Amino acid sequence: MDKMKVIIRPLVSEKMVADSEKHNRYGFVVDRRADRQDIKNAVEELYEVEVEKVNTLIQRGKKVTRRTAKGLVTGKRSSFKKAIVQLKEGQTIDFYSNI
């Protein structure tokens with residue numbers, strides 16, 4: 001797979017930031033067809049780090065309801081594949097360096 005198409009975006013949340021500071025793990029939303037080796041190669045090439053371990057999971061879409069002028073509107077968020085990547089000791093990724 002194409003390296004740029006494997007990783008869709010990094011996951012930046014309170015939980016993932018705490019996990020990256022404490023355990024050197026980073027989260028990414030990835031293409032559903034990507035396997036662990038594709039994800040490892042893409043992260044190593046894009047961020048120039050060494051990956052120790054990759055865990056993947058499919059995050060199910062949640063049901064959402066919101067109130068509008070016409071009443072309640074219900075829908076569903078899309079499901080997506082998430083990858084948690086653990087880097088080797090001493091390696092870090094700075095998502096904010098090119099903002």
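Values in this document were obtained by computation on a predicted structure and should not be read as measured data.
- Residues Phe28 and Ile39 fail the side-chain proximity criterion, which asks for heavy atoms closer than 4.5 Å.
- Here the closest non-hydrogen pair linking Leu46 and Ile7 is CD1-CD1, 3.9 Å.
- Between Gly27 and Ile84, the closest heavy-atom pair is CA-CD1, 4.2 Å.
- Residues Arg67 and Leu72 are in side-chain contact: their nearest non-hydrogen atoms beyond the backbone lie under 4.5 Å apart.
- No donor-acceptor distance shorter than 3.5 angstrom exists from the side chain of Lys40 to the backbone of Lys53, with no hydrogens or angles considered.
- Side-chain atoms of Ser79 and Arg32, non-hydrogen and from C-beta on, do get closer than 4.5 Å to each other.
- Side-chain contact check for Asp38 versus Arg33: every heavy-atom pair is 4.5 Å or farther apart.
- Expressed to the nearest 0.5 Å, how far CZ of Arg25 lies from CG of Asp19 amounts to 4.5 Å.
- With hydrogens and angles ignored, the 3.5 Å screen pairs a side-chain donor or acceptor of Asn24 with a backbone N or O of Gln91.
- Asn41 contributes a side-chain N or O that, together with a main-chain N or O of Gln37, makes up a donor-acceptor pair within less than 3.5 Å.
- Of the possible donor and acceptor atoms, none in the side chain of Glu52 sits under 3.5 Å from a partner among the backbone N and O of Gln86.
- Rounding to the nearest 0.5 Å gives a distance of 12.5 Å between OG1 of Thr74 and NZ of Lys76.
- Interatomic distance, Glu44 CD to Lys88 NZ, rounded to the nearest 0.5 Å: 7.5 Å.
- Side-chain contact between Tyr26 and Thr92 is present, with at least one heavy-atom pair separated by less than 4.5 Å.
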Indicate every side-chain donor-acceptor pair of residues 54-65 with a distance under 3.5 Å to a residue at least two apart or in another chain.
from  : atom 1 : to    : atom 2 : distance (Å)
Gln59 : OE1    : Lys82 : NZ     : 3.3

